[in-house]
Amino acid sequence: MGNVFKSLWGDGNIDWRESPAVNSAGRLLCMWSQDVLEVIDPFIGDGYLGIKGIWREGNRPCVIVNVYALYGLEEKKVLWDQLLNLNPR
């Protein structure tokens, strides 16, 4: 699968994380240039995939999260509570 991701990006200096597919939902994919972002901690939960890292320009901490929430209202509240409680430091 790595060659497919590299061909999508167009540059071999990439890294990625993916979450598994859940039911009929496809998987989530985060891709980044290793020249731009140093990933410290990738994390996966029900309905999200994220990475904590350092943005190399300016040496700034950052958190990037992909969210896919195909849930009812109560489940969405739980999901967003989980995301709000992530500590980006």
Side-chain angles (χ1 to χ4, degrees):
M1 202 55 140
N3 288 335
V4 172
F5 296 156
K6 288 179 181 182
S7 68
L8 287 171
W9 192 264
D11 179 355
N13 195 24
I14 67 159
D15 203 357
W16 65 89
R17 292 294 180 271
E18 59 184 305
S19 68
V22 177
N23 298 326
S24 63
R27 54 187 149 176
L28 294 171
L29 172 67
C30 285
M31 297 173 59
W32 60 90
S33 168
Q34 294 181 59
D35 294 330
V36 175
L37 183 66
E38 175 188 355
V39 172
I40 306 299
D41 182 27
F43 54 93
I44 298 174
D46 290 336
Y48 64 89
L49 165 65
I51 51 176
K52 296 178 186 178
I54 304 295
W55 199 262
R56 293 186 189 277
E57 184 176 324
N59 200 36
R60 296 184 179 259
C62 68
V63 177
I64 300 170
V65 182
N66 286 343
V67 177
Y68 181 81
L70 185 60
Y71 298 116
L73 183 58
E74 289 305 312
E75 290 88 354
K76 286 180 183 178
K77 288 178 181 179
V78 170
L79 169 66
W80 285 104
D81 283 342
Q82 289 174 356
L83 292 173
L84 289 171
N85 288 316
L86 293 173
N87 184 356
R89 299 187 193 281

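What you see is a predicted model; the values in this text were computed from it and never measured.
- For Ser19 against Leu49, the heavy-atom pair with the smallest separation is N-CD2, 4.0 Å.
- Expressed to the nearest 0.5 Å, how far CG of Leu29 lies from CH2 of Trp16 amounts to 9.0 Å.
- Here the CH2 atom belonging to Trp32 is positioned 8.5 Å from the CD1 atom belonging to Ile64, to the nearest 0.5 angstrom.
- The CD atom of Gln34 lies 10.0 Å from the CD atom of Glu38; values are rounded to the nearest 0.5 Å.
- In the hydrophobic clustering of ILVMFWY residues, with side-chain heavy atoms under 4.5 Å counting as a link, Leu37 and Ile14 come out apart.
- For the atom pair Leu83 CG and Phe43 CZ, the distance stands at 7.5 Å (nearest 0.5 Å).
- Considering CD1 of Ile40 and CD1 of Ile51, their distance stands at 10.5 Å, rounded to 0.5 Å.
- Distance check: Cys62 SG to Ile54 CD1 gives 7.0 Å after rounding to the nearest 0.5 Å.
- At least one side-chain heavy atom of Val67 sits less than 4.5 Å from a side-chain heavy atom of Leu79.
- When atom types are taken as modelled, the side chain of Arg17 and the backbone of Leu28 share no donor-acceptor pair closer than 3.5 angstrom.
- Minimum interatomic distance between Asn66 and Cys30 (heavy atoms only, all atoms of both residues): ND2-SG, 3.2 Å.
- Using a distance-only test at 3.5 Å, with no hydrogens or angles considered, no donor-acceptor pair links the side chain of Asp35 to the main chain of Asn13.
- A single hydrophobic cluster is seen to contain both Val39 and Val36, as judged by linkage of ILVMFWY side chains at heavy-atom distances under 4.5 Å, directly or through other members.
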